[in-house]
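Right, one structure below, let's go through it.
Numbers here simply count residues along the sequence, with the first being 1. Counting starts at 1 for both ligands and their atoms, following the listed order.
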Amino acid sequence: MKVTLTVIKADIGAIGGHICPSQRLLEAVDNYVTEHGAKLVVDSYLSYTGDDIAIVATHTRGANDQAVHRLCWDAFIAGTEVAKSQGLYGAGQDLLKDSFSGNVRGMGPAVAELEFEERPNEPFLFFAADKTDPGAYNFPLYMAFADPMNTPGLMLSPSMAQGFRFVIMDVSDTEGDRVIELQAPEDLYSIATLLRDPERYVVESVWSRSTDEQAAAVSTSRLHNIAGKYTGKDDPVMLVRVQKDFPATGEVLAPYAIGPFVAGAMRGSHQMPLMPVPLNSGISYFDGPPVVSCAAFAMHKGKMTEPVDAFAHPFWDTVRDNVSKKAIDMRRQGFFGAAMLPMSELEYTGIVEKLETLDRRFAVRATSRPSDALRRAGS
Ligand code: F6R
Ligand code: MG
Ligand code: MG
């Protein structure tokens, strides 16, 4: 049976600023999908991570299906009404267009979709991150699909040993989807060269080279590319199929133990470590730290089991403690150097405007040229 997994997520309002959505908002979205999606989707699951809510839907209508995308868009509209009625902050924030046109790509909500022939047993992982951007997944995907130091399956499994294809998008291009395909392991250094710059080059998908099946799909939207101005960080979602010809669940989860520094947190303008958190967690410290959750599922004929909370296991408590320490350490240096993102990534315009004003006040001091100093020294 050919199944499509669609995840669409949006921030449509939160309690206490940007912490997490309200219970009533979640109920409104869930009820809408249940009531109006009965004929469209086989199954659905709703969760939140920070202030973002995500609808995971299974169906047989293929990727970019207008009716499924419209269902999610309309569910977010219904949620936005509740958000407004409760005075939630940023109600409807990620719904950047006034009316639905075809599919939600380019309209604000993030989308990731996988379409595949369902295996007799079909395990997959659904990741959702808040207070960061899609490049946050570059690191764990590289480790899981290209690095035998992390993924012994690349050595031990004959099919995985044939490697994986990375489709990487240049998200700075606002005209269209500018992508490159690179093969691991032959193109490893090229892949690394791009992925080291996660604000510009983002893994969009990963494919098995032995079966040509898609293993991973990442939402690559950049909200400021759509809106032309800051409207919140992009808070990416990702779907990853696991086991057999794909990395094992543990190989996909392992890189998150590092707690790598990613772009985001306060005002979307800082470097902070990524914390793996349980499902339905809010955020707190310094509007962060950036968080990522993971729901593991099994699926049969499009019906999902209950989610298993992959980062709720006690192992991750130590990781969370380490990430907290890294976050506090980084915050000790305030605005200085690596703590903040480079100019091009600052999500508010204040610094740029201030620099323009200051620039006009700079003057070249007439006597301070090196040649003057040399002359004075008699050389
Ligand atoms: C980061 C984020 C928050 C806000 C901050 C200020 O992605 O959403 O850190 O940037 O709380 O929010 P506003 O500008 O809405 O007052
Ligand atoms: Mg937000
Ligand atoms: Mg968010």
Side-chain angles (χ1 to χ4, degrees), residues 7-22 25-26 29 46-55 72 76 79-80 82-84 86-96 104 107-112 126-137 198-199 218-238 261-277 279-294 327 330-331 334-335 339-341 344-353:
V7 49
I8 301 188
K9 78 96 225 172
D11 172 357
I12 52 170
I15 299 176
H18 296 275
I19 291 183
C20 66
S22 71
L25 184 161
L26 289 165
V29 174
L46 183 81
S47 68
Y48 72 87
T49 301
D51 56 9
D52 295 281
I53 60 174
I55 304 166
C72 296
F76 290 145
T80 298
V82 172
K84 283 182 183 157
Q86 289 190 296
L88 299 193
Y89 193 68
Q93 167 182 300
D94 284 357
L95 308 183
L96 300 178
V104 300
M107 300 185 71
V111 191
F126 157 55
F127 290 87
D130 186 37
K131 304 294 183 269
T132 187
D133 58 20
Y137 293 126
E199 271 59 70
V218 181
S219 63
T220 50
S221 55
R222 298 221 57 187
L223 290 170
H224 75 234
N225 287 352
I226 302 168
K229 60 178 169 36
Y230 180 65
T231 51
K233 262 271 177 267
D234 312 303
D235 305 338
V237 284
M238 170 166 77
F261 284 98
V262 295
M266 179 57 69
R267 297 179 186 276
S269 302
H270 292 80
Q271 302 272 15
M272 290 284 272
L274 182 63
M275 180 182 279
V277 291
L279 298 173
N280 302 317
S281 295
I283 53 92
S284 178
Y285 174 67
F286 199 59
D287 280 8
V291 290
V292 59
S293 67
C294 175
M330 184 57 116
R331 287 311 310 140
F335 63 78
M340 280 190 93
L341 290 173
S344 57
E345 288 299 321
L346 296 179
E347 302 286 10
Y348 288 72
T349 53
I351 288 187
V352 177
E353 285 160 17

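- Note on ligand 1: A265 sits in its first shell, one or more heavy atoms being nearer than 4.0 Å.
- The shortest side-chain heavy-atom distance between I53 and F76 falls under the 4.5 Å cut-off.
- Taking the Mg ion (ligand 3) as reference, D130 places its N/O/S atom OD1 nearest.
- Between L95 and P109 the shortest side-chain heavy-atom distance falls below 4.5 Å.
- Remark: distances from the non-hydrogen atoms of G17 to ligand 1 are all 4.0 Å or more.
- Here the side chains of M272 and R331 are in contact, with some heavy-atom distance below 4.5 Å.
- Nearest N, O or S atom of D52 to the Mg ion (ligand 3): atom OD2.
- Using a 4.5 Å heavy-atom cutoff, the side chains of T49 and D235 are not in contact.
- Looking at D11 and the Mg ion (ligand 2) together, the shortest N, O or S contact belongs to OD2.
- The distance from the Mg ion (ligand 3) to the nearest N/O/S atom of D51 is under 2.8 Å.
- Counting heavy atoms under 4.0 Å from ligand 1, residue R267 touches it through both backbone and side chain.
- Which parts of ligand 1 touch Y348 is read off a 4.0 Å heavy-atom cut-off, strictly below it: atoms 4 (C), 5 (C), 6 (C), 10 (O), 12 (O), 13 (P), 14 (O).
- An N or O contact shorter than 3.5 Å is missing between D51 and ligand 1 by distance.
- Judged as a salt bridge (charged side-chain N to carboxylate O under 4.0 Å, His left out), and not counting sequence neighbours, D130 has no contacts.
- Going from atom OG1 of T132 over to atom NE2 of H270 covers 13.5 Å, rounded to the nearest 0.5 Å.
- A search for ring-ring contact (aromatic ring centres under 6.0 Å, His included) contacts involving Y89 returns H18, not counting sequence neighbours.
- Closest to the Mg ion (ligand 3) among the N, O or S atoms of D235 is OD2.
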